[in-house]
Amino acid sequence: MDHGLGSIPSATGGIARLACARLREFGKDAAVVLAEAGATTEQAYDDAVRLDVHKQIRILNLAAEELSDELLGFHLGRNFDLREIGLIYYVIASSEQLSDALRNAERYSGILNDGVRLHFRQEDRTAAIALDYVNVERHSDRHQIEFWLVTLMRICRQLTDTRLAPRHLKVRHRRDATPAEFRTFFGTDIEFGAEADEIVFPSPVASLPVVGRDNFLNDLLRRYAEEALPRRSAQRGRLRSAVEDILTQLLPHGKACASEVGRRLGISTRTFSRKLHREGLVFADVLTELRAALAQRYLLDRELPISEIAWLLGYREVSSFTHAFRRWCGMTPRQFRLGGSSRANIALPCLPPAKDRS
């Protein structure tokens with residue numbers, strides 16, 4: 001049975017490698033930062049090994065502290081060669097129009113980081129690129145999202161060979177004021193503390209031709225990209241993936257119920273139940289398995305208080321979380337955390353039979 005570990009997002013680790021290179025450039029010991037983040041040298045430097053997104057965010061936070069750089073993600077995004085992105089960059093760069101490029105980015109961005117979901121939408125007056133975090137607490141991050149926003153802006157400008165400026169730029173986290181470097185680069189003020197992470201252009205921008213468009217090359221590269229799509233996305237099935245994404249958002253607010261998930265999917269509770277049944281799923285099992293997987297991952301972050309983990313998982317009382325975790329794993333959260341470093345790569349312990357879960 002799938003115990004929900006497919007819900008724990010990973011990335012190619014490219015941003016973490018850039019951060020480590022910056023540390024070395026300034027004479028800092030990257031190994032110390034990696035160890036404190038719970039990452040191995042192999043995870044940070046071998047591009048064939050995927051890195052837990054939570055660890056990548058931790059590496060960026062620690063590197064920013066070590067370098068005294070509050071804008072580390074922004075600076076990393078400004079200065080790297082876009083070709084380092086690899087296959088996905090070339091798929092995007094060979095597209096016909098900017099709208100095609102962004103739709104390709106939407107489809108294949110999970111190859112780079114399945115903890116960040118890119119959405120492109122085009123309406124009468126606007127064309128927008130939005131970024132949503134999947135099974136990652138957005139409040140834990142600042143540098144990774146700023147890296148993404150800068151990189152997307154650079155890609156749009158390079159593909160169209162224009163100095164594009166967005167109509168609006170929204171960011172979920174807060175800053176006291178827009179840094180001057182941000183305003184100079186983006187060409188607009190930024191709304192911090194917004195309800196979304198989003199770059200909004202006037203609609204005609206989406207129709208701009210890509211200067212390096214090549215339909216034959218694009219068709220070939222998209223075939224490779226299709227083969228490279230994360231296997232776990234196909235294995236989990238689209239419905240389970242969508243349900244888990246919604247549940248992760250609902251859990252902290254105590255609204256993780258079938259009726260609310262169905263409502264967000266735009267279907268009735270009865271239709272939602274039928275769809276789950278057709279995929280051999282039971283809502284209570286999906287919820288429990290996701291909670292158990294997320295609980296283990298959150299506990300590996302020693303700076304995250306157990307009381308906050310309980311809240312993130314939808315428990316009003318720490319005692320309720322402790323009771324549930326003992327039922328799932330045979331130990332308390334504190335006992336698990338004491339041995340957390342040795343458990344970082346092991347499978348989820350067996351869950352109890354479905355009839356015993358709550």
Side-chain angles (χ1 to χ4, degrees), residues 14-28 30 33 56-85 89 92 98 102 105 109 112-113 116 118-120 125-133 136-206 208:
I15 311 175
R17 286 192 290 277
L18 290 172
C20 289
R22 181 63 64 93
L23 286 165
R24 294 194 302 274
E25 179 185 343
F26 283 85
K28 306 290 185 179
V33 168
Q56 176 160 274
I57 291 172
R58 180 77 175 133
I59 289 168
L60 291 171
N61 290 340
L62 291 169
E65 292 177 10
E66 187 69 18
L67 294 165
S68 299
D69 186 354
E70 280 293 308
L71 307 181
L72 178 64
F74 173 84
H75 291 146
L76 295 177
R78 282 295 312 272
N79 298 317
F80 81 106
D81 187 333
L82 292 173
R83 294 173 297 180
E84 292 182 38
I85 296 172
Y89 172 75
I92 295 169
L98 185 58
L102 293 174
S109 62
L112 300 173
N113 187 324
V116 181
L118 187 152
H119 302 281
F120 171 69
R125 296 185 178 181
T126 60
I129 312 165
L131 297 169
D132 291 325
Y133 273 33
V136 177
E137 286 304 312
R138 175 63 178 83
H139 69 77
S140 68
D141 175 51
R142 171 181 295 187
H143 300 291
Q144 180 180 248
I145 195 67
E146 292 182 351
F147 176 93
W148 272 81
L149 293 170
V150 170
T151 299
L152 285 168
M153 197 71 240
R154 287 183 62 201
I155 288 173
C156 290
R157 288 171 174 169
Q158 183 160 311
L159 264 54
T160 60
D161 194 23
T162 60
R163 177 67 182 177
L164 290 177
R167 176 180 288 179
H168 305 294
L169 199 155
K170 300 179 180 180
V171 184
R172 289 182 185 271
H173 61 260
R174 297 184 180 278
R175 285 190 181 276
D176 293 336
T178 300
E181 290 182 71
F182 278 49
R183 189 180 295 106
T184 299
F185 173 77
F186 288 108
T188 186
D189 279 326
I190 301 168
E191 181 186 349
F192 289 100
E195 77 286 354
D197 295 303
E198 188 174 66
I199 304 172
V200 181
F201 294 108
S203 185
V205 167
L208 289 174

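Numbering of residues begins at 1 and proceeds along the displayed sequence.
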Would you say that [X] contacts [Y] through its side chain, given a criterion of any heavy-atom pair below 4.5 Å between the two side chains?
{"X": "Q144", "Y": "N113", "answer": "yes"}
{"X": "I155", "Y": "I85", "answer": "yes"}
{"X": "L98", "Y": "C156", "answer": "yes"}
{"X": "I59", "Y": "V33", "answer": "yes"}
{"X": "R138", "Y": "H173", "answer": "yes"}
{"X": "L164", "Y": "L208", "answer": "yes"}
{"X": "P202", "Y": "R125", "answer": "no"}
{"X": "I15", "Y": "L60", "answer": "yes"}

side-chain contact (heavy atoms from CB on, under 4.5 Å) between I129 and H119, worked out:
CA-CA 6 Å; I129 312 165; H119 302 281; over 6 Å; no

Crowded around R83 CZ? As in, over 12 foreign heavy atoms under 6.0 Å?
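No, not enclosed.
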
Within 6.0 angstrom of E84 CD, more than 12 heavy atoms from elsewhere
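Count over threshold, so yes.
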
Donor-acceptor contact below 3.5 Å, side chain [X] vs main chain [Y]:
{"X": "R154", "Y": "F80", "result": "yes"}
{"X": "R58", "Y": "N61", "result": "no"}
{"X": "R142", "Y": "R174", "result": "yes"}

Go through the steps for L169 and L149 under the test side-chain contact (heavy atoms from CB on, under 4.5 Å), then give the verdict.
CA-CA 9 Å; L169 199 155; L149 293 170; 4.3 Å; yes

Within 45 degrees of the ring normal and closer than 6.0 Å to the centroid, is that where the cationic atom of R167 sits relative to F201?
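Relative to the ring axis of F201, which defines the angle, R167 lies outside at least one limit.
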
Give a yes/no verdict on a cation-pi contact between R22 and F147, requiring under 6.0 Å between NZ or CZ and the six-membered ring centre and an angle within 45° of the axis.
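The answer is no; the distance or angle limit is not met.
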
Charged N-O contact under 4.0 Å between E181 and R78
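Answer for the salt bridge query: no.
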
Scan the side chains in residues 188-196 for donor-acceptor partners under 3.5 Å anywhere in the protein, sequence neighbours excluded, and list what turns up.
| unit_1 | atom_1 | unit_2 | atom_2 | d |
| --- | --- | --- | --- | --- |
| D189 | OD1 | R183 | NE | 2.7 |
| D189 | OD1 | R183 | NH2 | 3.4 |
| E195 | OE2 | K170 | NZ | 3.1 |

Minimal non-hydrogen separation, I199 against P166, with atom names:
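Of all heavy-atom pairs spanning I199 and P166, the closest is CG2-CB, 3.8 Å.
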
Per-pair distances, 0.1 Å, donor-acceptor, side chain in residues 62-69, under 3.5 Å, sequence neighbours excluded:
| unit_1 | atom_1 | unit_2 | atom_2 | d |
| --- | --- | --- | --- | --- |
| D69 | OD1 | L71 | N | 2.9 |
| D69 | OD1 | L72 | N | 3.3 |
| D69 | OD1 | H75 | ND1 | 3.1 |
| D69 | OD2 | H75 | ND1 | 2.8 |

Derivation and outcome, side-chain contact (heavy atoms from CB on, under 4.5 Å), residues Y133 and R172
CA-CA 11 Å; Y133 273 33; R172 289 182 185 271; over 6 Å; no

For a side-chain contact (heavy atoms from CB on, under 4.5 Å) check, start with the C-alpha distance between D197 and W148, then their side-chain angles and the critical distance, and finish with the verdict.
CA-CA 10 Å; D197 295 303; W148 272 81; over 6 Å; no

